[in-house]
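The block underneath contains the structure these notes are about, expressed in structure tokens.
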Amino acid sequence: MSDPQDPARSDRHAGPFLPRTRSHCDRCADLTGVDGAAVAIFASDTTRDLVYATDTIAEQVDELQFTLREGPCLTAYRTSVPEIHPDLADPTATRWPMFTSEVLDLGVRALFAFPLAVGNAANIGVLELYRTRPGPLETQHYRIATDYAADLGPTLVDELDPTRTSSPMLDPALFPRGNVHIAAGMLAVQLQISAGDALARLQAMAYTQHRRITLIAHDIITHHLTLDPDNP
């Protein structure tokens, strides 16, 4: 799943949208000494999208978790507890075998996920930090990351508020996985299955073909890929 170009997300910096969210994410990556960072927003355990990534690897790390439905970011979202993994190559620390194998292939050795909450409300997303070398976050870096995660929740909600700005929710460059759900709907019609089963089929195709799920979705939407219900 390492396609160099993703037509569904040609601009990982999301154009002019979410300037404070992007600034917080960039600044957090710089101050914590990691190699990259990303912010993902969740509607449920299975409905999420990446709103910003500092680089292509951060983008792919998030997409792997979306595709495989496992990983530290999903766990951090579910539990409201940061997930700290200083050495993903440590066999005793492997909790997500499929994800770990794939993310190590990207050259990522350490991964840290911090849930994003707004007041006492449920989590709305996750701040993801990665590093290409193993090792724990230093105490001051951990504190910086938690401080930025605390700020990012309210900031993201404010910047996504359609009453305050033109709605970015319609921009496929900002929410590329909306295309995945569109493709799942098209696939459901083609294969005469439920939308949930179609999304699971897309995720399985991405994993077995080692392709990014957004690329497969793009092929389906543009009719470069059509599946036959009589030929599983």
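- In this structure, CG in Leu156 is found 4.5 Å from OG1 in Thr21, a value given to the nearest 0.5 Å.
- Every residue meeting the side-chain hydrogen bond (donor to acceptor under 3.5 Å, both in side chains) condition with Arg20, not counting sequence neighbours, appears here in chain and number order: Asp158.
- In terms of the salt bridge (Lys or Arg N to Asp or Glu O under 4.0 Å) criterion, residue partners of Arg95 (sequence neighbours excluded) are, by chain and number, Glu83.
- Residues that satisfy the salt bridge (Lys or Arg N to Asp or Glu O under 4.0 Å) test with Arg131, not counting sequence neighbours, are absent from this structure.
- For Asp147, there are no salt bridge (Lys or Arg N to Asp or Glu O under 4.0 Å) partners at least two apart in sequence or on another chain.
- At a threshold of 4.5 Å between side-chain heavy atoms, the hydrophobic network of Ile, Leu, Val, Met, Phe, Trp and Tyr places Leu127 and Val81 in two separate groups.
- Expressed to the nearest 0.5 Å, how far CG of Asp87 lies from CG of Leu111 amounts to 12.0 Å.
- Put simply, CD1 on Ile84 and CZ on Phe112 are 6.5 Å apart, with the number rounded to the nearest 0.5 Å.
- Side-chain contact between Asp62 and Val126 is absent, with no heavy atoms from C-beta onward closer than 4.5 Å.
- For Ala38, the side-chain contact (heavy atoms from CB on, under 4.5 Å) partners at least two apart in sequence or on another chain are Leu50, Ala53, Ala58, Glu128.
- By the side-chain contact (heavy atoms from CB on, under 4.5 Å) test, Thr146 is found to be paired with Phe114, Tyr142, residues two or more places apart in sequence or in another chain being considered.
- Through direct or indirect side-chain contacts shorter than 4.5 Å among Ile, Leu, Val, Met, Phe, Trp and Tyr, Leu31 is connected to Ile144, Tyr148.
- Applying the side-chain hydrogen bond (donor to acceptor under 3.5 Å, both in side chains) test to every pair with at least one member in residues 29-38, sequence neighbours left out, gives these pairs: Asp35-Thr132.
- Checked against Tyr130 for a side chain to side chain contact (heavy atoms under 4.5 Å, CB included), the options Val103, Leu88, Ile57, Val34 give a single hit: Ile57.
- Taking SG of Cys25 as the start and CG of Leu129 as the end, the distance is 7.5 Å to the nearest 0.5 Å.
- Between atom CG of residue Leu116 and atom OG1 of residue Thr155 there is a gap of 10.0 Å, rounded to the nearest 0.5 Å.
- In terms of heavy-atom proximity, Ala150 sits nearest to Pro154 at O-CD, 3.1 Å.
- For Thr139, there are no side-chain hydrogen bond (donor to acceptor under 3.5 Å, both in side chains) partners two or more places apart in sequence or in a different chain.
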(request) Dump the intermediate steps for side-chain contact (heavy atoms from CB on, under 4.5 Å) on Leu215 and Gln209, then the final yes or no. (result) CA-CA 11 Å; Leu215 286 174; Gln209 296 177 19; over 6 Å; no
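- Between the side chain of Ser23 and the main chain of Pro19, no donor-acceptor pair closer than 3.5 Å is present.
- Residues satisfying the side-chain hydrogen bond (donor to acceptor under 3.5 Å, both in side chains) criterion with Gln140, sequence neighbours excluded, are Glu138.
- Here the side chains of Tyr52 and Ile41 are not in contact, with every heavy-atom distance at 4.5 Å or above.
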(message) If you apply the rule side-chain contact (heavy atoms from CB on, under 4.5 Å), what do you find for Leu106 with Leu64, and how did you get there?
(response) CA-CA 10 Å; Leu106 294 177; Leu64 275 173; 3.8 Å; yes
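- Using a 4.5 Å cut-off on side-chain heavy atoms (C-beta onward), His85 and Trp96 make contact.
- Applying the side-chain contact (heavy atoms from CB on, under 4.5 Å) test to Pro136 and every residue at least two apart in sequence or in another chain returns Pro86.
- To the nearest 0.5 Å, atom CE of residue Met98 and atom CZ of residue Arg69 are 8.5 Å apart.
- Residues Leu202 and Ile220 are in side-chain contact: their nearest non-hydrogen atoms beyond the backbone lie under 4.5 Å apart.
- With sequence neighbours excluded, the residues forming a side-chain hydrogen bond (donor to acceptor under 3.5 Å, both in side chains) with Asp219 are Arg211, listed by chain and number.
- The two residues Ala110 and Pro134 come nearest to each other via the heavy atoms CB-CA, 4.5 Å.
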